[in-house]
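Whatever order the structure lists ligands and atoms in, that order sets their numbers, starting from 1.
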Amino acid sequence: MSDSELIIAARKAREFAHAEYSHFKVGAALETVDGTVITGCNIENATYGLTVCAERVAMFKALSEGHRHFRRIAIVADTASPTPPCGACRQILWEFGGDLEVMLANLTQEAGRHRLRDLLPLPFDARLLK
Ligand code: THU
């Protein structure tokens, strides 16, 4: 899948966001090493605290379907500046995806690319539990 196709997949996923409280819709498209794309959107809840971000929805969907190896993730929000993944999502993406390429985009253009290791320096992870 091309870069722009992955971003388009994230834009489409964003349309399904449940963002009744923040009105801030986010879409994500996670690509596995074999090219499968699993999408996610943010899902809010009246308790607020049970909200799940688009990136974690995509990762948990992927894991629950048996995917284990990932290459990159595209994240889309309707913001002029790029919307990077929150801290909790960085932790989850690192745990299950490792040093993913993180592509940020809005509704009209790509807005930056990062390696996850740069977004989450000095991570706490399973290596420390051994
Ligand atoms: N959100 C995401 O889904 N991903 C991000 O990277 C940033 C924040 C969601 C959570 C909440 O539903 C809304 O955006 C506002 O924080």
Quick note, side chain to side chain donor-acceptor pair (under 3.5 Å) partners involving residues 21-44, not counting sequence neighbours, are Ser22-Glu44, Glu31-Arg72, Thr32-Asp34, Asp34-Thr36

Ordered by chain then number, the protein residues lying under 4.0 Å from ligand 1 by heavy atom are Ser22, Phe24, Val26, Asn42, Glu44, Thr51, Cys53, Ala54, Glu55, Pro84, Pro85, Cys86

* Any chain of hydrophobic side-chain contacts (each under 4.5 Å) joining Ile75 to Ile8? -> no

More than 12 heavy atoms of other groups within 6.0 Å of Phe96 CZ: yes

Sequence neighbours excluded, the answer for side-chain contact (heavy atoms from CB on, under 4.5 Å) partners of Leu107 is Arg14, Val76, Asp78

Here the ring pair (Phe, Tyr, Trp, His ring centres under 6.0 Å) pairs for residues 108-130, sequence neighbours left out, are none

Closest non-hydrogen contact found for Cys53 with Cys86 is SG-SG, 3.9 Å

